[in-house]
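One structure is given below, encoded as structure tokens.
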Protein chains: 2
Amino acid sequence: MAARSTSKTSESSDKVSVICRALRRAIIEQALEPGAKLPEDALGERFGVSRTIARHALGQLAAEGLVELRRNRIAVVATPSWQEARDAFDIRIELERLVVRQLAGKLTKAQIAELNAHVDAEDGARGGADAVSIRLATEFHILLAQMTNSPILVRYVSEVAYRCCLTLSLYSRPHSTECAINEHRAIISALAKGDEAKVMDLMHHHLDSVANRALVAPTPQRGRDLLDILAPYADEVTSDRVVKLPKVARRG
Amino acid sequence: MAARSTSKTSESSDKVSVICRALRRAIIEQALEPGAKLPEDALGERFGVSRTIARHALGQLAAEGLVELRRNRIAVVATPSWQEARDAFDIRIELERLVVRQLAGKLTKAQIAELNAHVDAEDGARGGADAVSIRLATEFHILLAQMTNSPILVRYVSEVAYRCCLTLSLYSRPHSTECAINEHRAIISALAKGDEAKVMDLMHHHLDSVANRALVAPTPQRGRDLLDILAPYADEVTSDRVVKLPKVARRG
DNA sequence: GGCGCCCCAATTGCATGCAGTTTGGGGGCT
DNA sequence: AGCCCCCAAACTGCATGCAATTGGGGCGCC
């Protein structure tokens with residue numbers, strides 16, 4: 001059988017869940033770019049809820065790593081470092097290999113059809129906004145994870161995929177999604193054939209190539225924090241005041 | 001090098017973080033057993049904070065999978081199904097193989113000493129409470145993860161390890177921790193030697209054996225929810241009222 | 001005696017209010 | 001002009017208050 005037992009969905013129709021979903025989507029579609037401020041008041045007003053709820057939602061998103069929350073400071077959309085991006089992809093590769101290992105040869109016809117339909121949708125969106133393509137590609141992987149019927153796996157794959165999505169939008173050049181779509185098709189076909197080793201390899205190289213295409217190099221100019229860039233230089237300096245020197249505006 | 005760059009710790013000294021830590025520990029040490037009720041009022045009063053804070057903490061723990069949160073219902077300590085436990089261990093194996101892969105041959109002498117000291121502590125606690133042994137063993141794995149200096153990896157390994165800890169307390173017989181301690185020592189030594197393949201294998205089998213020793217069988221009587229057990233039987237029945245029938249007390 | 005219904009205490013969902021902290025900008029001093 | 005300090009606006013941290021929902025005990029009915 002392909003499906004296990006029934007699984008309770010964790011995210012219900014709470015107000016905070018609604019806001020979480022909205023913000024998550026806004027973030028991964030770059031409507032909110034990394035570093036964007038997220039004041040509780042503004043969120044509350046925008047979504048028609050109190051600060052309490054907005055705050056709670058920010059807490060959840062912070063737990064997912066999409067938002068940075070510093071005490072007494074305005075929450076901001078997370079700005080993962082290049083190293084964190086690389087780490088996220090490494091984890092993602094392992095998790096998604098596990099997904100396809102569990103799925104190989106166990107998919108129903110309906111599920112395969114669903115996957116194909118999704119890739120068709122990706123294909124259809126090729127002319128549109130880059131952000132939408134990235135989101136659809138990400139959702140393909142989440143769809144796969146959901147088919148394992150393992151709520152834990154779904155959660156982790158989703159989270160790490162969203163994080164990768166976020167970093168893609170940060171470090172990626174305007175990229176071509178076509179080969180990714182072909183790779184998705186190849187994965188589906190290998191899954192249908194039930195070739196476990198093959199599909200694990202396909203997934204591995206698929207994600208690896210996406211990561212390598214995107215995370216081209218430590219690209220210090222874009223996305224990295226000024227203080228991080230200067231850190232190694234500051235190590236040479238002994239004065240206490242060195243940290244006060246770069247009094248430049250930090251994005252924004 | 002063994003360490004990467006500085007890493008901000010995500011969990012600061014918020015009141016909610018404090019409560020989270022306290023509850024987490026209480027849960028994995030079985031002071032709060034699965035199914036235990038966690039009313040916001042009671043928590044707030046116990047920790048000297050308002051319901052708002054207790055509520056927020058419960059939200060975080062729910063995101064980690066340690067607590068179940070149903071709308072308009074009292075929160076309870078999560079009761080993972082046997083299948084979820086198995087899934088958690090599968091994920092954990094992959095994640096921790098990644099950990100030791102990154103760590104093999106890259107540990108400083110100080111780090112190795114720290115690991116050995118921890119295992120000594122595990123050894124010392126062998127006579128004490130089972131729950132403490134389990135916690136220490138879990139913390140060994142988290143300590144390893146922390147040495148990768150990858151905050152994301154730390155977070156996921158911690159979470160999934162805590163979940164496993166929770167299920168161990170649910171399904172495990174009073175178990176002997178000795179072999180686990182020896183396996184920990186073996187892992188440290190392989191890490192020091194830098195034998196990547198060996199240490200990945202050691203970790204894999206270590207976790208696998210822990211899982212197999214604990215998750216002996218689907219043991220339907222203990223831990224599984226009555227409704228889950230009856231679910232397949234209920235499928236045969238057409239009446240709407242079937243779901244109301246098992247009006248028995250559901251764990252106390 | 002057992003079954004079902006109803007009502008109330010218990011509890012959650014959420015908004016608002018108040019106090020403490022941060023920010024950033026104007027004015028004064030050098 | 002440049003630097004610094006101080007203050008007010010903005011924002012967060014948290015508690016409290018009120019409406020809505022639940023579930024369990026008690027009562028009546030079978």
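Proteins come first, then strands; the chains are lettered A, B, ... in the order of their sequence lines, and each starts at number 1. Below, all heavy atoms of this structure are taken into account, side chains as well, without hydrogens, waters or symmetry copies. Since the structure is predicted, the reported quantities are computational estimates derived from the model, not experimental observations.
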Between the protein and nucleotides 11-13 of chain C, which nitrogen or oxygen pairs come in under 3.5 angstrom?
| residue | atom | partner | partner atom | Å |
| --- | --- | --- | --- | --- |
| dT12(C) | OP1 | Glu40(B) | N | 3.1 |
| dT12(C) | OP2 | Glu40(B) | N | 3.3 |
| dT12(C) | O3' | Asn72(B) | N | 3.3 |
| dG13(C) | OP1 | Asn72(B) | N | 3.0 |
| dG13(C) | OP2 | Arg55(B) | NH1 | 2.4 |
| dG13(C) | OP2 | Arg55(B) | NH2 | 2.5 |
| dG13(C) | O5' | Arg55(B) | NH2 | 3.4 |
| dG13(C) | O6 | Arg51(B) | NH2 | 2.7 |

Worksheet item: Residues two or more places apart in sequence or in another chain: which of them pass side-chain contact (heavy atoms from CB on, under 4.5 Å) with Glu114(B)?
Response: Leu143(B), Met147(B)
Worksheet entry | Partners passing side-chain contact (heavy atoms from CB on, under 4.5 Å) against Ala63(B) (at least two apart in sequence or in another chain) | Gln60(A)
Worksheet item: Which salt bridge (charged side-chain N to carboxylate O under 4.0 Å, His left out) pairs, counting each pair once, include a residue from residues 47-59 of chain A, with sequence neighbours left out?
Response: Glu40(A)-Arg51(A), Glu40(A)-Arg55(A), Asp41(A)-Arg51(A)
Worksheet item: Got a sec, which residues hit side-chain contact (heavy atoms from CB on, under 4.5 Å) with Ile28(A), two or more places apart in sequence or on another chain?
Response: Arg135(A), Tyr162(A), Cys165(A)
Item to complete: Check the distance between dA15(D)'s C1' and Ile19(B)'s CD1 and give it to me in whole angstrom.
Response: 13 Å
Practice prompt. Quick one: which residue pairs count as a ring-ring contact (aromatic ring centres under 6.0 Å, His included) with a foot in residues 134-154 of chain B, not counting sequence neighbours?
Written response: Phe140(B)-His184(B), His141(B)-His184(B), His141(B)-His206(B)
Worksheet entry | Nearest-Å distance for atom pair CD/P, residues Glu45(B) and dA10(C) | 13 Å
